[in-house]
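Data block below; observations after.
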Amino acid sequence: GYIKRMALDMYKQQHRGGRGVIGINTIEDDFIENLFVTSSHNYIMFFTNKGKAYRIKGYEIGESGRTSRGTAIINLLELDKDEKISAVFPIKEYDEEELFLTMVTKNGMIKKTNLTDFQNIRKGGLIALTLREDDELIGVYVTKDTDNILIGTRAAKGIMFATSEVRPMGRTAMGVRSIRLQEDEVVGATVPKPGEEILVATEKGLGKRTLVDEFRPQRRGGMGLKIATITERTGQVIGITSVSEEEELLMITSEGVIIRINVSQISTLGRYAQGVKLVNVHEGVQVVCIAKVVADIEDEDDLENNKREEE
């Protein structure tokens, strides 16, 4: 629940394979979940599990040194009790008509709203979608109508369909059904980019990568396809995300232990596979969530220099 901004030049360019530098000092059981390069004059948007949207200007986030923990988000946003951040990202312009915010809930609802509908957000937040009492927002994605979205559930069902199948709706709409659930709930969604694979992780510490091509697109609102075989050994699915080989993955257990794994070390297996052991958990302990480790900060000049160096 902490946030901070730093000048980009705090990160000097390093050779490939360098050790890196400390970007933030976190307390035990904490980790960095989001990092992006933006301008202090851009807006930063926040969405919460209660279906509300907040935004502040980049410069409203205190500038800190590399090792500072930053500011608690509750000091910047007027969050209600039990309200948690589900998504955060920067927005430069709100007039891009072809961009949408696509929202997914635990009970399988999906809603797409034009980005332009979020141009005016009060300090106390704005309703981004209407939720039933037992539902909550689990993810928000900036999408175009050319994107596909994959929804994954606890009982290892998944459905991929074109976001163009969801018609744009106003802010207070509840949305439409993304997947038909039977005593199940959505644990994650992802908008895969070309070249990425789908990573599925289970509560007993197993995981696998699967080629996107194995998730054939379907019509929205169906039962979905099997995305893994779950047994007593695997436990249920706790998360899905799209990954590329050079990234790293964090797995967080119910004891607060964080395990960091190179995605390249995770086997690529078919949809029906259980997966391979990624982390050993004791009896009564479960993996509760997964997160991708943020990439190194590099600007275009750095990338060009690295390219020349390798050539």
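Treat the numbers as computed from the prediction; the structure is a model and nothing was measured. In this chain, numbering begins with 1 at the start of the sequence shown.
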Check whether [X] and [Y] end up in the same hydrophobic cluster, where Ile, Leu, Val, Met, Phe, Trp and Tyr are linked by side-chain heavy atoms less than 4.5 Å apart.
{"X": "Leu249", "Y": "Val200", "answer": "no"}
{"X": "Leu137", "Y": "Leu126", "answer": "yes"}
{"X": "Val237", "Y": "Val186", "answer": "no"}
{"X": "Val191", "Y": "Val212", "answer": "no"}
{"X": "Val140", "Y": "Met45", "answer": "yes"}

Distance, nearest 0.5 Å, that separates [atom1] of [X] from [atom2] of [Y]:
{"X": "Arg55", "Y": "Arg122", "atom1": "CZ", "atom2": "CZ", "value": "12.0 Å"}
{"X": "Leu99", "Y": "Ile91", "atom1": "CG", "atom2": "CD1", "value": "7.5 Å"}
{"X": "Ile266", "Y": "Leu199", "atom1": "CD1", "atom2": "CG", "value": "5.0 Å"}
{"X": "Ile74", "Y": "Asp80", "atom1": "CD1", "atom2": "CG", "value": "12.5 Å"}
{"X": "Glu255", "Y": "Ile252", "atom1": "CD", "atom2": "CD1", "value": "14.0 Å"}
{"X": "Lys50", "Y": "Leu129", "atom1": "NZ", "atom2": "CG", "value": "12.5 Å"}

Using the salt bridge (Lys or Arg N to Asp or Glu O under 4.0 Å) rule, collect all pairs that involve [range], keeping only residues at least two apart or in two chains.
{"range": "residues 279-291", "answer": "none"}
{"range": "residues 201-214", "answer": "Glu197-Arg209, Arg209-Glu245"}
{"range": "residues 137-163", "answer": "Lys112-Asp145, Arg154-Glu185"}
{"range": "residues 131-142", "answer": "none"}

Are the side chains of [X] and [Y] in touch, meaning some heavy atoms are under 4.5 Å apart?
{"X": "Ile261", "Y": "Met251", "result": "yes"}
{"X": "Tyr141", "Y": "Ile149", "result": "yes"}
{"X": "Ile110", "Y": "Thr102", "result": "yes"}
{"X": "Leu115", "Y": "Val142", "result": "no"}
{"X": "Ile198", "Y": "Phe215", "result": "yes"}

At their closest point, which heavy atom of [X] faces which heavy atom of [Y], and how far apart are they?
{"X": "Ala53", "Y": "Ile121", "value": "O-CG2, 3.5 Å"}
{"X": "Ala228", "Y": "Ala156", "value": "O-CB, 3.4 Å"}
{"X": "Ile227", "Y": "Gly152", "value": "CD1-CA, 4.4 Å"}
{"X": "Arg171", "Y": "Asp117", "value": "CD-O, 3.5 Å"}
{"X": "Leu150", "Y": "Ile240", "value": "O-CD1, 3.8 Å"}
{"X": "Gly275", "Y": "Leu206", "value": "O-CD2, 3.6 Å"}

With distance as the sole test, does [X] use its side chain to make a donor-acceptor pair with the main-chain N or O of [Y] at under 3.5 Å?
{"X": "Thr210", "Y": "Leu269", "value": "yes"}
{"X": "Ser39", "Y": "His41", "value": "yes"}
{"X": "Lys111", "Y": "Ala128", "value": "yes"}
{"X": "Tyr54", "Y": "Lys123", "value": "no"}
{"X": "Thr202", "Y": "Thr234", "value": "yes"}
{"X": "Thr48", "Y": "Ile85", "value": "no"}
{"X": "Thr113", "Y": "Met169", "value": "yes"}
{"X": "Lys52", "Y": "Phe46", "value": "no"}
{"X": "Tyr59", "Y": "Asn42", "value": "no"}
{"X": "Thr71", "Y": "Gly62", "value": "no"}

**Message:** Can you tell me if Lys57 has over 12 outside heavy atoms packed within less than 6.0 Å of its NZ?
**Reply:**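 Result for NZ/Lys57: enclosed.
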**Prompt:** Should we count CD of Glu98 as having more than 12 external heavy atoms under 6.0 Å?
**Reply:**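 Above 12, so yes.
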**Request:** Show your reasoning for whether side chain to side chain contact (heavy atoms under 4.5 Å, CB included) applies to Val176 and Val166.
**Result:** CA-CA 8 Å; Val176 293; Val166 184; 4.2 Å; yes
**Prompt:** Does the side chain to side chain contact (heavy atoms under 4.5 Å, CB included) test come out yes or no for Val287 and Val279, once each step is laid out?
**Reply:** CA-CA 9 Å; Val287 176; Val279 53; 3.9 Å; yes
Verify whether one side chain among [X] and [Y] offers a donor that lies under 3.5 Å from an acceptor in the other.
{"X": "Thr190", "Y": "Thr241", "result": "no"}
{"X": "Asn49", "Y": "Ser86", "result": "no"}
{"X": "Ser244", "Y": "Glu196", "result": "no"}

**Request:** Let me see the working for Val288 and Thr253 under side chain to side chain contact (heavy atoms under 4.5 Å, CB included), right down to the final yes or no.
**Result:** CA-CA 5 Å; Val288 291; Thr253 74; 5.9 Å; no
**Asked** Any side chain to side chain donor-acceptor pair (under 3.5 Å) pairs touching residues 272-281, not counting sequence neighbours?
**Response**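 Non-adjacent pairs meeting side chain to side chain donor-acceptor pair (under 3.5 Å): Arg233-Gln274.
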**Message:** Is it the case that the ring center of Phe118 lies less than 6.0 angstrom away from the ring center of Phe47?
**Reply:**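 Yes, they do, as the ring centres are separated by less than 6.0 Å.
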**Message:** If you take the centroid of each ring, where Trp contributes its six-membered ring, are Tyr94 and Tyr43 closer together than 6.0 Å?
**Reply:**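 When the ring centroids of Tyr43 and Tyr94 are compared, they turn out to be within the sub-6.0 Å range.
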**Message:** Run Thr105 and Ile138 through side chain to side chain contact (heavy atoms under 4.5 Å, CB included) and show every step you take.
**Reply:** CA-CA 5 Å; Thr105 79; Ile138 62 165; 5.8 Å; no
What side-chain donor-acceptor pairs closer than 3.5 Å can you find for residues 217-226, not counting sequence neighbours?
from	atom 1	to	atom 2	distance (Å)
Arg219	NE	Glu165	OE1	3.4
Arg220	NH1	Arg177	O	2.7

**Request:** Using side chain to side chain contact (heavy atoms under 4.5 Å, CB included) as the criterion, point out the one residue from Ile259, Ile238, Leu278, Leu250 that pairs with Ile290.
**Result:**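 The passing option is Ile238.
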